[in-house]
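The block underneath contains the structure these notes are about, expressed in C-alpha cells.
What you are looking at is a predicted structure, and each value in this text was computed from that prediction instead of being measured. The figures here come from the full heavy-atom set of this structure, side chains too, leaving out hydrogens, waters and symmetry mates. For the single chain, residues carry numbers from 1 onward in sequence order.
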Amino acid sequence: MPELPEVETVRRGLAATVSGCRMAAVRVRDVRLRQPVDPEALQRLVGARVTAVGRRAKYLLLEMDTGAVLIIHLGMSGTLRVTHPEIELDRHDHVRWLFAGPGLAGDRELRYRDPRRFGLVLVSTRTQLQTHPLFCRLGPEPFDTEFSGQYLWERSRKLRRPVKNLLMDARMVAGIGNIYASEALWRAGIHPARSARRIGLDRWDRLRRACVEVLGDAIRQGGTTLNDFRDAAGDPGYFAVHLAVYGRSGRACPRAGCDGRIRRIVQAGRSTFYCPRCQH
Ligand SMILES: [Zn+2]
C-alpha cells in the first residue's frame with residue numbers, strides 16, 4: 001500500500017510533468033473504484049490547465065486554472081504513470097488523461113491503474129475542498145508547523161488509547177500509516193502500547209521530530225522512483241526504504257548499544273514492530 005512518502009514522490013513527479021499543461025482529453029475505461037468514477041465530471045476538466053499539484057494526507061490534488069480540483073487517491077494498489085498515448089493499455093488502467101503543453105516533447109498521457117480498485121478519482125473545486133467530507137476532519141500534516149509536541153500533548157491529556165493508534169488516527173495527524181508509525185516510535189524510544197495520556201511533553205516533542213525524520217528520509221530515498229516516474233517508461237512501483245523495525249520481527253534491534261530483538265504485536269488489527277528493550 002502506498003504510504004505518504006510514496007504519494008509525495010508521485011506528487012513531485014506529477015508536478016514536474018504536468019504543471020502548466022492543458023488537459024486535452026480524458027477517457028474513462030473502468031468506473032469501478034472505491035466510489036464510481038464520474039466520466040462527465042472528468043470531461044468538464046478538458047481544456048483546463050494544471051496550475052499546481054498538491055497533496056493532502058494521501059490525496060493528490062491537481063489544481064486547475066478553472067478552480068476545479070482533480071482528486072486522486074492510490075488506495076491499496078493504485079499507480080499513476082506518465083506514458084506516450086500509443087503505448088498499449090493494461091487491463092487495469094481505469095482512467096487516461098492526455099496532456100499537452102509546455103515542456104512536453106509531444107503529447108503525454110497520464111494513466112491511473114488500480115487492480116484492487118480501492119483508489120479514488122474525483123472532481124471537486126478549490127472552494128469545496130475545505131468542507132469536503134474527505135478532508136474536513138483531517139488533522140494537520142506531519143510537516144505543518146501546527147503539528148508540534150505541544151499540539152500532541154494537549155490533544156492527548158485524556159486519551160487512554162495506545163500512542164500508536166493515536167499516531168495513525170487521521171484526525172490527529174494526516175497520513176502517518178502503519179509502517180511509519182512503528183518506525184517513528186522506535187526512533188523516539190516510545191513503546192507503541194503506551195497510553196497516550198502517560199506521555200510527557202518532552203517525549204511528544206521527540207516523537208513529532210521522529211515522525212518528520214522517518215517520513216523525510218523515506219521521501220529522500222524515493223528520489224530514484226521520481227526519475228523513473230518522470231521518464232515514464234513504465235510502472236514505478238513502490239519503493240523499498242531502509243526500515244529499522246517494520247517487518248523485522250526476531251532480528252536484532254539496530255540501535256547502537258541495544259541488545260534487544262524486534263517483536264511483533266497486533267494493535268487495532270495491524271502489525272506493530274518494536275524493541276522491548278529500548279522502547280518504554
Ligand atoms: Zn532496542
Side-chain angles (χ1 to χ4, degrees), residues 2-26 42 45-75 78-85 87 93-114 119-130 132 134-135 138 140-145 174-175 177 212 215-239 241:
E3 293 223 28
L4 191 144
E6 284 90 347
V7 178
E8 176 59 21
T9 301
V10 172
R11 185 198 69 76
R12 293 177 184 190
L14 264 184
T17 313
V18 301
S19 281
C21 296
R22 195 172 56 79
M23 194 184 288
V26 59
L42 284 179
L45 299 177
V46 170
R49 200 173 290 278
V50 181
T51 53
V53 182
R55 178 185 60 73
R56 181 74 172 108
K58 294 202 285 183
Y59 295 91
L60 292 159
L61 307 170
L62 276 76
E63 298 184 22
M64 316 302 285
D65 61 357
T66 54
V69 179
L70 173 61
I71 304 170
I72 300 174
H73 192 281
L74 302 175
T79 50
L80 279 169
R81 67 199 162 121
V82 176
T83 183
H84 294 283
I87 301 284
D93 283 339
H94 282 70
V95 186
R96 48 199 296 219
W97 295 266
L98 194 68
F99 283 97
L104 294 187
D107 290 342
R108 284 286 179 86
E109 190 169 284
L110 177 67
R111 291 181 187 171
Y112 180 82
R113 176 178 186 274
D114 191 354
L120 281 176
V121 174
L122 296 172
V123 179
S124 185
T125 66
R126 214 163 299 156
T127 44
Q128 280 171 359
L129 232 44
Q130 316 299 326
H132 196 285
L134 289 173
F135 303 105
L138 287 179
E141 291 283 320
F143 297 105
D144 281 355
T145 49
V212 169
L215 292 169
D217 285 353
I219 291 167
R220 275 187 291 281
Q221 290 177 54
T224 53
T225 314
L226 184 64
N227 289 332
D228 292 341
F229 184 85
R230 286 182 64 183
D231 293 347
D235 188 331
Y238 305 130
F239 49 89
V241 299

Atom [atom1] in [X], atom [atom2] in [Y]: separation rounded to 0.5 Å?
X: Ile72; Y: Leu110; atom1: CD1; atom2: CG; result: 6.0 Å
X: Glu6; Y: Ile219; atom1: CD; atom2: CD1; result: 9.5 Å
X: Thr9; Y: Leu4; atom1: OG1; atom2: CG; result: 9.0 Å

**OP:** State whether the side chain of Arg111 and the backbone N or O of Arg81 hold a donor-acceptor pair below 3.5 Å, judged by distance alone.
**Re:**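 Pair absent, no side-chain N/O of Arg111 close to backbone of Arg81.
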Original post:
For the side chain of Arg11 and the backbone of Val53, is there at least one donor-acceptor N/O pair under 3.5 Å apart?
Top reply: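 Pair found, side chain donor or acceptor close to backbone of Val53.
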Original post:
Does anything in residues 54-63 pair up under side-chain hydrogen bond (donor to acceptor under 3.5 Å, both in side chains), and if so which pairs, sequence neighbours excluded?
Top reply: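 The answer is Glu8-Arg55, Arg55-Glu141, Arg56-Glu141, Glu63-Arg126.
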Subject >> Partners passing salt bridge (charged side-chain N to carboxylate O under 4.0 Å, His left out) against Asp65 (at least two apart in sequence or in another chain) >> reply: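 Asp65 satisfies salt bridge (charged side-chain N to carboxylate O under 4.0 Å, His left out) with no other residue.
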Sub-4.5 Å side-chain heavy-atom contact between [X] and [Y]:
X: Val10; Y: Leu60; value: yes
X: Thr79; Y: Leu74; value: no
X: Ile71; Y: Leu61; value: yes
X: Met23; Y: Phe99; value: yes
X: Leu134; Y: Leu122; value: yes

Subject >> Non-neighbouring partners of Thr125 that pass side-chain hydrogen bond (donor to acceptor under 3.5 Å, both in side chains), sequence neighbours left out >> reply: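 In terms of side-chain hydrogen bond (donor to acceptor under 3.5 Å, both in side chains), with neighbours along the sequence ignored, Thr125 is linked to Thr127.
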Subject >> From Leu62, Val50, Val82, Leu80, residue fulfilling side chain to side chain contact (heavy atoms under 4.5 Å, CB included) relative to Trp97 >> reply: Leu80
